[in-house]
Q: 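The structure that follows is given in the form of structure tokens.
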Amino acid sequence: MPHIQLLSPRLANQIAAGEVVERPASVVKELVENSLDAGAGRVDVEIEQGGVKLIRIRDDGSGISESDLPLALSRHATSKITSLDDLESVASLGFRGEALASISSVSRLTLTSRTEEQEAASRVEVEGRDMDAHISPAAHPVGTTVEVRDLFFNTPARRKFLRTEKTEFNHIEECVRRQALSRFDAGFTLRHNQRVVQSLRPAETPLDKERRIGSLCGQQFIDNAVVIDAEATGLRLWGWVALPTFSRSQADLQYFFVNGRVIRDRLVAHAVRQAYRDVLYNNRHPAFVLYLELDPATVDVNVHPTKHEVRFRDGRLVHDFIFRTLHKALADVRPDDHFRGAVAQSVVREGGAMPGTGAEATTSAATSWGQPAQPAVPSPSSPGASGYGGYQASQPQQEWRASDQMAFYSSLNTGGGVTNGQSSAAIADLSVASPTPPADSDEEPPLGYAIAQLHGIYILAQGKAGLIVVDMHAAHERITYERMKRALADQDLKSQPLLVPVSLAVSQKEAALVETHGGELQQLGLQIERIGPETLAVRQVPALLRGADTEQLVRDVLSDLIEHGQSDRVEAVTHELLGTMACHGSVRANRQLTIPEMNSLLRDMEATERSGQCNHGRPTWTLVTLSELDKLFLRGR
């Protein structure tokens, strides 16, 4: 066996570079993070040939003094931490002191910097096998410029793994996008081969922030976004989440930041996915830009070489906070929130201004979403009450509302084909009349008033914004489903003993998990006992799931507990069953409805959570604005 010997400084740095410097985008990430940690208000990124030939990062931060320049390119040299206490509450983006040394070992690196106290700048370079630093005077304003040339010139094996110039630059552009989303107070410029690709000014006001989001993520995202801002137990979550109708075929528009650091975390992904569970169609992915702020001492950012992952001290608390915040925000969205966004987009596309509003009209969609809307009904004095709405002006509002509601549901639930022992009367009991505003209200309801039924499938309604088309089965399915969920929550989850306990062969880890989480499993309606080192006995299951695959259900719950520390599997399966029951108990196609019945359904949609999608994630209604109709008929040209 060869003798043990110390690695040379260059070889040690090249090994470290294998963890930190994967491609040119990795270099950009590390250098931009250093600029932001130095308090830069402006960061300029210049790229040539996808970053292989040149990466130049210039900032106007605090700079590095001449005496510290040799150490700046040394391994394990940093100004950001000095003790273990600092490491346990890291507030900066970088702190290991490896990036510059690793980058300089696989490229030709030059660092030029000047502090405010210095009269002149200094430049430092490293060369040779021992990577000796050479300092020389230079001309430079306050701040720092790092030039990285000929990346991987001395490690040809690494260079062969690089992709095309376009692909590598796309990775760099995505890296700069993430940094620009993480720091609204800094301006960014990105150039590629002397061409400006992105130029962003600092964003201080909410309107400026939304403009930056629209520039980086697309205007459609910000037009279909719900604004989030919630605080609880030392945690704050704010940002933007897209409506379920603005879903993606892949998870390419998901940005999550913890104390300004972009991360990809399984716990966070699970919480977001759970919040979108019954409103997202098939295998679509949600879009979001979210920021979580918490005490740095409660999160460990030193668990991954590139710091893309973190570990929370109380992961369950963070998971529940994210889930409940997003779940409530999506539930509070009502049709009038959609209309404000749709009308604003239509007006902006036409180049006009919203009636009664100023320049802020372009962002009304984002700034107003997430606020619960008050359900509205037609007023006896409103034009729709005695016109296309089909109601008599002399009829008391509460009287027609209650009578139409009960008549509507009684007609829908006769012979509705409800399964699993749910009678039509049971479904009718869930159809509680929605609250109504004062009788003197003259505001038109968000979904307008019904005027016709199309092919026994769609309800056509007229509103101020234009024509609203409603899928009556999908809409009634969501209304019934939400009411069944509320009824189940009020009654609590009941368990049913199994006549013959189900025996499961599991690992010792899973068996020990059952003993540890016995109380939580009991709350889910599951009574599971450990009867051997690797054997479990399931004695009780939720009454609603007595026909489900008990073994698979328990294994899925245990898998969730191992991965996330908790499980919503029982709730998910229960809601899936309720969704099936609601589907069979909802109004079917070709059912002829009267105008009052159609209006009753519209009013219930306005008061129901998540009414924009059915239980399967399909949209329940759509809007065709007046401007879009005018275009079809070439009006105004």
Side-chain angles (χ1 to χ4, degrees), residues 20-21 23-48 51 54-66 68-69 71-74 77-81 90-104 107 109-118 121-125 138-149 151 169 171-192 196-204 212 216 257 259-262 301 306-308:
V20 178
V21 186
R23 61 193 336 146
S26 306
V27 176
V28 174
K29 172 185 177 295
E30 297 291 341
L31 298 181
V32 171
E33 286 183 350
N34 282 344
S35 295
L36 295 175
D37 282 340
R42 184 80 199 175
V43 180
D44 296 326
V45 182
E46 186 174 347
I47 305 296
E48 290 186 11
L54 172 68
I55 298 174
R56 181 185 291 119
I57 312 291
R58 179 189 293 268
D59 67 63
D60 60 355
S62 58
I64 305 173
S65 64
E66 182 178 358
D68 287 342
L69 281 179
L71 282 175
L73 302 184
S74 301
T78 178
S79 61
K80 300 168 186 177
I81 60 172
V90 173
S92 56
L93 297 174
F95 53 88
R96 292 182 172 186
E98 293 182 357
L100 288 174
S102 300
I103 295 169
S104 64
S107 66
L109 184 144
T110 302
L111 188 153
T112 309
S113 187
R114 176 191 164 195
T115 62
E116 194 171 356
E117 294 78 16
Q118 290 179 270
S122 301
R123 177 183 290 114
V124 63
E125 301 175 73
H140 194 278
V142 174
T144 303
T145 296
V146 181
E147 287 189 3
V148 178
R149 295 183 179 272
L151 187 63
F169 179 72
H171 285 285
I172 292 174
E173 189 175 15
E174 176 65 18
C175 173
V176 174
R177 180 183 293 112
R178 292 176 181 176
Q179 299 298 338
L181 289 173
S182 71
R183 290 288 296 272
F184 289 102
D185 59 332
F188 293 85
T189 300
L190 174 62
R191 295 182 181 86
H192 187 219
V196 176
V197 178
Q198 197 68 260
S199 181
L200 302 169
R201 295 180 300 173
E204 300 294 342
R212 176 174 287 195
L216 296 172
F257 302 86
N259 291 340
R261 182 190 307 277
V262 61
V301 299
T306 59
K307 302 181 285 294
H308 282 310

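This chain uses plain numbering: 1 for the first residue, then up along the sequence.
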Q: Any side-chain heavy atom of Val262 within less than 4.5 Å of one from Ser182?
A: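 A side-chain contact is absent here, since even the closest heavy-atom pair is not under 4.5 Å.
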Q: I need the minimum non-hydrogen distance between Thr189 and Ser199, along with the two atoms involved.
A: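 Smallest heavy-atom distance, with atoms named: OG1-OG, 4.1 Å.
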Q: Quick one: does Val301's side chain get under 4.5 Å of Arg261's, heavy atoms only?
A: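 Val301 vs Arg261: side chains touch.
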Q: Under a 4.5 Å cut-off applied to non-hydrogen side-chain atoms, are Arg42 and Arg58 in contact?
A: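 Arg42 does not reach Arg58 side chain to side chain.
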Q: To the nearest 0.5 Å, what is the distance between CD1 (Ile172) and NZ (Lys29)?
A: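 The CD1 atom of Ile172 sits 14.0 Å away from the NZ atom of Lys29.
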Q: Apply the test salt bridge (charged side-chain N to carboxylate O under 4.0 Å, His left out) to residues Glu125 and Arg123: give CA-CA distance (whole Å), side-chain angles for both, the deciding distance (0.1 Å), then the verdict.
A: CA-CA 7 Å; Glu125 301 175 73; Arg123 177 183 290 114; 5.4 Å; no
Q: Could you pull out all residues at least two apart from Ser122 that satisfy side chain to side chain donor-acceptor pair (under 3.5 Å)?
A: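 Checked Ser122 against side chain to side chain donor-acceptor pair (under 3.5 Å); zero matches.
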Q: In a check of side-chain contact (heavy atoms from CB on, under 4.5 Å) between Ser107 and each of Leu54, Val27, Leu151, Val21, which one passes?
A: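 Among Leu54, Val27, Leu151, Val21, the one meeting side-chain contact (heavy atoms from CB on, under 4.5 Å) with Ser107 is Leu151.
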Q: Partners of Asn259 by side-chain contact (heavy atoms from CB on, under 4.5 Å), sequence neighbours excluded?
A: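 Applying side-chain contact (heavy atoms from CB on, under 4.5 Å) to Asn259 gives Glu293, Leu294, Pro296, Val299.
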Q: Starting from the C-alpha separation in whole Å, work towards a yes-or-no answer on side-chain contact (heavy atoms from CB on, under 4.5 Å) for Leu200 and Leu216.
A: CA-CA 10 Å; Leu200 302 169; Leu216 296 172; 3.8 Å; yes
Q: For Glu204, which residues count as a side-chain contact (heavy atoms from CB on, under 4.5 Å) partner, sequence neighbours excluded?
A: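 If we apply the side-chain contact (heavy atoms from CB on, under 4.5 Å) test to Glu204, skipping adjacent residues, the hits are Asp185, Pro202.
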Q: For a quick test of reading the model, state the closest non-hydrogen atom pair linking Ala121 to Thr112 and the distance between them.
A: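 Taking every non-hydrogen atom into account, CB-CG2, 4.4 Å.
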Q: Does Ser113 have any side chain to side chain donor-acceptor pair (under 3.5 Å) partners at least two apart in sequence or in another chain, and if so, which?
A: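 Listed in chain order: Thr144.
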Q: I need the Asp37 CG to Lys80 NZ distance, nearest 0.5 Å.
A: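 Between atom CG of Asp37 and atom NZ of Lys80 there are 3.5 Å.
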Q: Flag the pair Cys175 / Val32 as yes when at least one side-chain heavy-atom distance between them is below 4.5 Å, and no otherwise.
A: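 SC-SC contact between Cys175 and Val32 ruled out.
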Q: Going from CD on Glu66 to CD on Glu117, what distance comes out if it is rounded to the nearest 0.5 angstrom?
A: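 It comes to 13.5 Å.
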Q: Under a 4.5 Å cut-off applied to non-hydrogen side-chain atoms, are Ile55 and Ile47 in contact?
A: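 Sidechains of Ile47 and Ile55: in contact.
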Q: Any donor-acceptor pair under 3.5 Å linking the side chain of Arg56 with the backbone of Arg149?
A: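 No, because the side chain of Arg56 does not come within donor-acceptor range (under 3.5 Å) of the backbone of Arg149.
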Q: List the atom of Arg212, the atom of Ala203, and the distance in Å for their closest heavy-atom pair.
A: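 Nearest pair, atom of Arg212 first, then Ala203: NH2-N, 4.1 Å.
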Q: Could you check if a side-chain atom of Leu111 sits within less than 4.5 angstrom of a side-chain atom of Ile64, using non-hydrogen atoms only?
A: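 A side-chain contact under 4.5 Å exists here.
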Q: Quick one, Leu100 and Leu31 - any side-chain contact, counting heavy atoms below 4.5 Å?
A: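 Yes, close enough: below the 4.5 Å cut-off.
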Q: Is a side-chain N or O of Arg183 found less than 3.5 angstrom from the main chain of Gly41, in a donor-acceptor match?
A: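 Looks like no, no N/O pair under 3.5 Å.
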Q: Enter the distance from Thr145:OG1 to Asp60:CG here, rounded to the nearest 0.5 Å.
A: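 The distance works out to 10.5 Å.
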Q: For Ser102, check side chain to side chain donor-acceptor pair (under 3.5 Å) against everything at least two apart and list the hits.
A: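 Here no residue qualifies.
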Q: Name all residues meeting the ring pair (Phe, Tyr, Trp, His ring centres under 6.0 Å) criterion together with His192; count only those two or more places apart in sequence or in a different chain, and write none if there are none.
A: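 Testing His192 for ring pair (Phe, Tyr, Trp, His ring centres under 6.0 Å), a comparison that skips the adjacent residues, returns Phe169.
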Q: Output the distance between atom CD (Glu33) and atom CG (Leu36), rounded to the nearest 0.5 Å.
A: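 Those atoms lie 7.5 Å apart.
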Q: So which heavy atom on Ala101 is nearest to which on Ser74, and how close?
A: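 Answer, listing the atom of Ala101 first, then Ser74: CB-C, 3.8 Å.
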